[in-house]
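For reference, the structure discussed in these notes is given below.
Residues: numbered from 1 along the sequence shown.
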Amino acid sequence: MAPGIPAALERPHFIGIGGAGMSGIAKILAQRGAKVAGSDAKESATAEALRALGATVHIGHAAGHLADDASCVVVSSAIRPDNPELARAAELSIPVVHRSDALAALMEGLRAIAVAGTHGKTTTTSMLAVALSELALDPSYAIGGDLAGPGTNAAHGGGDIFVAEADESDRSFQKYDPQVAIVLNVELDHHANYASMEEIYDSFETFVGKVVPGGTLVVSADQPGAVELTRRVRDIASLDVVTYGESEHADVRVHKVTPRGLTSEVTVVLNGRYLTFTVSVPGSHYAHNAVAALAAGVALGIPAHNLASALGKYTGVKRRLQLKGEAAGVQVVDSYAHHPTEMAADLAAMRGAATDARLLVVFQPHLFSRTQELGTEMGQALALADASVVLDVYPAREDPIPGITSALIIDAAKAAGADVTAVHDQAEVPAVVAGMAKPGDLVLTMGAGDVTDLGPQILDHLSS
């Protein structure tokens, strides 16, 4: 059976409880029997789901929301120091616990798989959660997105495996002690926290160094940053390194990925044997995510053929090339991609699925710092679409940076030969896109912000 509730988390209060990472931990604690409370900026389906589990969820942030008997206050790196509930915690001498420390405490005593990388974490973690559940192993899991099937981002399971998305953005993944660590890729991102690629490598090395003695690193044999990381950690004597990918030197070699509409058929070579299975999402990058999941499960002793079959039950994660619907002969798909590599991968996947159809993109840049550093590359990625609509930068947790706007992306896209339209009023987007789209086209809403809300609105305009 899985462990119970760590003493410090018996009566936790989460500031920003509706966030993807925070809500997952809150759900697991509530399912384990903790008295969970918290607050969030606005009402949401996540807040309702937490209430259904017995949690108390306040809307808005106020000192009075924090109960005097709270055992701790859980925060993420996005919570600002002047938050009134954080100030009240200081007055009451209530311990403040970072989200990553809370997650690490939940993983204690279990065989943990921590999934890291600049891209693909949510998908790979989800694939493992679905496959292990399908095999009746009843895992616990914490994911940065909602599974399309169960419709949740976290669950407390009765088995001895815990699958967790490991976030490198604020170095919090360094808190975990996994039995299996997956590193999908290593690229420069999160520019507010990392000044150079060398800092990124150092951070990932620390993460890999926390794998328990005798544990396994599953790492890409294709992506240059991952290859360099492998070179740096090869000398860790207690670490078993398993590489995967198309490289002829990969331990788990991707022999072939065959597109089949919005799915793919994947053939791998593992221990000298060919193994073929289906991945129910398009694109070679998602196929590689599935192979990483396969390698991680095998590292825990799960038979490869059982795991491969179970991976075929994965039907996607919300916002990861999620089909939102079809109207007037136009399909609308939603993508969370916000880094140029992710954008290019998802656009290539949709291009493969679209065949002769036009691909129209609604892109919302995420974060001023990312736009400043990678705006040119974002624009170049948009050249893979037939036409794009670009929105203003979604600030999330950041304050504006003078001179940094979505114009940086638009200029780069046009220089790369892209057909781009700037739309500053988000309310105008559905009508603009409906006017552009023709029967047979694919529309892709893309970005990590509230651009996801536009899919249903575009479908409504197309219907009318």
Side-chain angles (χ1 to χ4, degrees), residues 15-16 19-21 40-42 60-61 75-84 86-87 118-119 167-172 186-200 202-203 319 335-344 346-347 361-385 387-429 432-433 445-454:
I15 304 177
D40 205 33
K42 60 183 180 180
H61 298 295
V75 299
S76 71
S77 299
I79 303 304
R80 299 194 178 221
D82 59 355
N83 183 282
L86 199 55
T118 313
H119 331 289
D167 183 13
E168 84 283 1
S169 66
D170 56 1
R171 296 179 172 82
S172 61
V186 183
E187 291 189 46
L188 184 59
D189 196 5
H190 313 296
H191 308 278
N193 293 321
Y194 293 103
S196 67
M197 196 65 208
E198 191 60 34
E199 285 191 15
I200 294 274
D202 287 344
S203 189
R319 305 207 61 192
S335 163
Y336 188 72
H338 50 280
H339 183 282
T341 302
E342 299 166 347
M343 294 168 64
D346 275 6
L347 286 167
V361 176
V362 179
F363 177 61
Q364 181 186 55
H366 187 259
L367 298 178
F368 292 102
S369 61
R370 183 178 286 121
T371 302
Q372 182 178 37
E373 296 294 333
L374 299 174
T376 298
E377 291 84 353
M378 292 177 190
Q380 291 167 346
L382 289 177
L384 295 170
S388 300
V389 170
V390 177
L391 309 180
D392 291 342
V393 177
Y394 185 82
R397 57 188 176 272
E398 291 187 344
D399 294 323
I401 297 175
I404 302 302
T405 69
S406 58
L408 178 64
I409 297 166
I410 293 167
D411 291 345
K414 289 180 177 178
D419 178 359
V420 185
T421 301
V423 177
H424 301 289
D425 184 352
Q426 212 154 306
E428 297 177 1
V429 171
V432 170
V433 175
T445 55
M446 177 177 281
D450 59 4
V451 65
T452 186
D453 298 335
L454 293 176

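In this structure, OG on S388 lies 8.5 Å from CE on M446, to the nearest 0.5 angstrom. Expressed to the nearest 0.5 Å, how far CD1 of I200 lies from CD of E168 amounts to 6.5 Å. Taken to the nearest 0.5 Å, the CD1 atom of I15 stands 6.0 Å off from the CD1 atom of I79. Taken to the nearest 0.5 Å, the CG atom of D399 stands 11.0 Å off from the OG atom of S369. Summarising the geometry, atom CD belonging to E398 is positioned 8.5 Å from atom OG1 belonging to T371; distances are rounded to the nearest 0.5 Å.
Partners of D82 under the salt bridge (charged side-chain N to carboxylate O under 4.0 Å, His left out) rule, at least two apart in sequence or in another chain, do not exist in this structure. Applying the ring pair (Phe, Tyr, Trp, His ring centres under 6.0 Å) test to H119 and every residue at least two apart in sequence or in another chain returns H339.
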Legend entry - Verdict with reasoning, V186 to M197, per side chain to side chain contact (heavy atoms under 4.5 Å, CB included): CA-CA 9 Å; V186 183; M197 196 65 208; 3.7 Å; yes
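Between E342 and T118, every side-chain heavy-atom pair lies at or beyond the 4.5 Å cut-off. The shortest distance between side-chain heavy atoms of D450 and Y394 falls below 4.5 Å.
Donor-acceptor pairing under 3.5 Å is lacking for the side chains of Q426 and D453.
The pair R171-E199 counts as a salt bridge, with a side-chain nitrogen and a carboxylate oxygen less than 4.0 angstrom apart.
Heavy atoms only, all atoms of each residue included: E187 and T341 are closest at OE1-OG1, 2.9 Å. Between F368 and P395, the shortest heavy-atom contact is CE1-CB, 3.5 Å. Here the closest heavy-atom approach between residue G19 and residue D40 is recorded as N-OD1, 4.5 Å. Closest of all the heavy-atom pairs between H424 and D392 is ND1-OD1, 2.7 Å. Taking both residues in full, the closest heavy atoms of H366 and A396 are given as NE2-CB, 3.7 Å, listed atom of the first, atom of the second, then distance.
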Check: residues 402-415 side-chain donor-acceptor pairs under 3.5 Å, at least two apart:
{"from": "T405", "atom 1": "OG1", "to": "A407", "atom 2": "N", "distance (Å)": "3.2"}
{"from": "S406", "atom 1": "OG", "to": "L391", "atom 2": "O", "distance (Å)": "3.2"}

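Side-chain atoms of E377 do not come within 3.5 Å of backbone N or O of P340 as any donor-acceptor pair. Side chain of H338 to backbone of Y336: a donor-acceptor contact under 3.5 angstrom is found. At distances below 3.5 Å, at least one donor-acceptor pair connects side-chain atoms of S76 with backbone N or O atoms of A78.
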